[in-house]
Amino acid sequence: QSQELSQARIDYHVALESLQQHGTQMVCTGKMHTDRICRFDYLCYCSDAEEFVFFHSNLSVMLPNLGSRRFQPALLDLSSVEDHNTQYFNFLELPVAALKFMPKPVFVPDVTLILNRFNPDNLMHVFHDDLLPAYYTMKQYTDLDDEARLVFMEGWSEGPHFDLYRLLSSKQPLLKEQLKNFGKLMCFTKSYVGLSKMTTWYQYGFVQPQGPKANILVSGNEIRQFAQALMDKMNISRPEEPDASAEDDKEKREEYIVVFSRSTTRLILNEAELIMALAQEFQMRVVTVSLEDQSFSSIVQVLCGAFMLVSMHGAQLISSLFLPRGSVVVELFPFAVNPEQYTPYKTLASLPGMDLHYIPWRNNIEENTVTHPDRPWEQGGISHLEKAEQERILTSKDVPRHLCCRNPEWLFRIYQDTLVDIPSFLDTLNEGMKAKPILKKSKTATLVHPGRVREPQCQTSVQTSNEAKLSVSWQIPWNLKFLKVREVKYEVWIQEQGENTYMPYILPQQNYTFSENIKPFTTYLVWVRCIFNKNLLGPFADVLMCRT
Ligand code: UDP
C-alpha cells in the first residue's frame, strides 16, 4: 500500500526538500474551534506517537496563530458534532531540524480530507454526521474532488456502512489503524482537516435535550442534490413521476408503500397486520425492506419511487432522504415516548424544499407494549437499577426530558416492541393525510426572495397643530419583473425618532399616505420591504428620514 502512495506522482526528493525548507503551512477558516476547517501543506502524522505534527521552519505559516489558546479546548472539531470533547483535533510542533532524527517521511500525494466519523455503526449518524458534511466540505474546496483521499481518524474499524463512505471519492478511504502501514512518519502533501457543519440539522442532546439545531442552514435542495449524487454513484435512477394525466393505466407508474422493518430490536409485533391494513386503506401494494435482509442500495432503489414510508423510530428512517418529493413519512413511537421530543426525521422531512409530509404515531395503549427489563443496559435493560428506580420507570407513562446518551428510562422505553393498534394507527394516518399539501410543479417561484424596493421616498404635510400626513412611495424590486409571483405585498415600518417601538403596516400597493398617529413637527424613520407569497421577506431599503 505504501507503494501506491509514495511513488511516481511526486518526486520524493523535491517533496522532502520542500518540507525541509518550508515546513508546514496552515491556513484556516473560522473564528472558533467549532466552525474551523484548516488547509495544510505538509501536515505530517507520526503513527508511533499517534499525533499529527506541524514542522516549524522560517517559512512555515500558522493561521490562526492562537498560541496556547490552541489547546482551549482545541484547534478544531474533527467530527461534525459540535464541541464534542472526544472529537478534537490538534497537532504537536517540532522544528524541521528534528526531521534529521526521525524516520524518513512517506509522502501522500493525494489531496486528503481528514476527519472523524462520529458513530459509523448507526445509519442516521453515518448520513447526518459524516456523509453529508464530507460531501459538502468537498464541494467547498475544489481540490477535494473525486480523486480526493479521505482519512478517518476516530479509530474505528470500517463498520457496516463503509460502502457508503466509499461513494464519496474514487479512492479507498483510509482508517487511522491503516496509517501505520505506510511508515512511522507520513506527510500529507495537501490536506484539509475538519468538516463543515453547515448541513447538520440535529443536536443529539449532549448539553441540552436533543432537538433540531438552533440555526439550521441547510434546505431540502442540498439534501436532495446529495441524495441524487449518491444514487448516481449507486447506479440507481428514479422512476418517472406518476402521471395523473396518463390515460392508459399501464402508463401510470404504480404507487406503493414501503414498511422499513427492524428485525432485532424495537419491533413492530404485528407487522403483517399493519401491512394488510395499509394495503387495504390505500389500495396499494406494500413492500417491506430491512437493513438485515438486503443491501442499502436495493433499499434506496425501492424508496426512491415510494408513495409512503412507514417505520418505527430509528436510524433507518434517515433513508427518507431518498424518498421522492411529495411522499409521506410515517414514524411510529413506542409507549411513553413523546414524538415531539425526538425529531431528527421530522426535522429532515420538514426542511424547506424537502417536500416530505411527516406523520408521527405513538402507541398510547400500555397493554400493547412489550418491555425488556432484563436486557443489557444499552438495549434498555433496567434490572441493574435499584428496585425503587425500576418501579418508578415501570409506572411512568412519559419519559421526561433527558440528556444523551445513557438515560435508563429513555433506553428502556425506546427499546420496547410494539403491537400497533390498527384503528388508532389508521385514524392518525387519515387525519395526517388531510393536512398533506399538494405538491407544486413549478418550484422556483417559492424559493426566490424579493430584492430591495427601489427609490423609496417620503413627503410630508402639516394639516393642523396636531394633524399631519406622511406619504411614502417606492418602486418594485428589480427582480420582480422576471418572476411570476402569486402575491406581492409591501411592509412599511414607521418609527418616531427616539422611540423604541414602531408601527408595522402591510400594503398591497406602492404608495400610501399615513395620517393616523402622525404628529406635526416630528421626525419619523420609515423602512419599506417587499414580501412574496406571505413568507418570502426581502431586505429593507435604506431608512427614510421624514420630518413633518
Ligand atoms: N438496526 C436495524 N435493525 C434492528 C435494530 C437496529 O437495522 O432491528 C440498525 C439501525 O437502523 C441503526 C443501527 O442498527 O442503523 C443501530 O440501531 P440502534 O437501535 O442502536 O439505534 P437507533 O436506530 O435507535 O438510532
Side-chain angles (χ1 to χ4, degrees), residues 80-81 117-132 156-165 200-206 209-212 230 258-271 274 287-300 302-303 309-323 329-339 341-349 360 362-363 369-372 375-381 399 402-420:
S80 72
V81 174
R117 297 179 298 168
F118 188 70
N119 182 354
D121 284 350
N122 179 300
L123 199 61
M124 160 66 182
H125 287 283
V126 169
F127 275 91
H128 178 269
D129 309 342
D130 309 338
L131 295 175
L132 269 159
W156 294 36
S157 59
E158 288 189 353
H161 304 292
F162 205 64
D163 280 345
L164 292 172
Y165 294 95
T200 58
W201 63 86
Y202 207 69
Q203 61 83 13
Y204 299 119
F206 296 109
Q210 63 170 276
L230 284 204
V258 179
V259 172
F260 206 137
S261 125
R262 295 172 58 113
S263 34
T264 57
T265 62
R266 206 176 302 148
L267 307 177
I268 299 170
L269 293 169
N270 54 339
E271 215 167 83
L274 180 79
V287 293
T288 48
V289 295
S290 88
L291 291 168
E292 285 92 346
D293 297 346
Q294 62 203 111
S295 69
F296 189 71
S297 68
S298 72
I299 294 175
V300 172
V302 174
L303 286 173
L309 168 63
V310 180
S311 176
M312 194 51 85
H313 172 81
Q316 68 287 342
L317 266 168
I318 190 63
S319 60
S320 54
L321 63 82
F322 294 101
L323 287 170
V329 179
V330 184
E331 182 171 12
L332 313 178
F333 289 84
F335 182 76
V337 178
N338 183 351
Q341 288 170 21
Y342 308 96
T343 56
Y345 314 110
K346 177 188 181 177
T347 306
L348 168 63
R362 171 185 186 171
N363 174 25
T369 200
V370 173
T371 62
H372 300 286
R375 286 192 178 164
W377 70 266
E378 69 274 14
Q379 286 168 42
V399 178
H402 58 90
L403 295 180
C404 188
C405 310
R406 296 185 165 206
N407 182 289
E409 183 171 355
W410 153 249
L411 292 170
F412 176 69
R413 290 305 184 182
I414 200 57
Y415 280 112
Q416 294 170 116
D417 300 330
T418 304
L419 192 91
V420 176

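Both ligands and their constituent atoms are indexed starting at 1 by order of listing. Computation of the quantities below employed the complete heavy-atom set of this structure, encompassing side-chain atoms and omitting hydrogens, waters and symmetry-equivalent molecules.
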message: Hydrogens and angles aside, do Tyr204 and Asp129 bring a side-chain donor and acceptor to less than 3.5 Å of each other?
response: yes
query: Under 6.0 Å between the ring centres of Phe127 and Phe296?
result: yes
- prompt: Residues two or more places apart in sequence or in another chain: which of them pass ring-ring contact (aromatic ring centres under 6.0 Å, His included) with Phe335?
  reply: none
- line: Less than 4.0 Å from some atom of ligand 1, heavy atoms are found in residues Asp121, Asn122, Leu123, Arg262, Ser263, Thr264, Thr265, Arg266, Leu291, Glu292, Gly314, Ala315, Gln316, Tyr415
query: Do we see a donor-acceptor contact under 3.5 Å between the side chains of Gln416 and Arg266?
result: no
- request: Please say whether the positively charged group of Arg362, taken as NZ for Lys or CZ for Arg, lies over the ring of Phe333, i.e. under 6.0 angstrom from the six-membered ring centre and within 45 degrees of the axis.
  value: no
field: Donor + acceptor pair across side chains of Gln316, Ser311 (<3.5 Å)
entry: yes
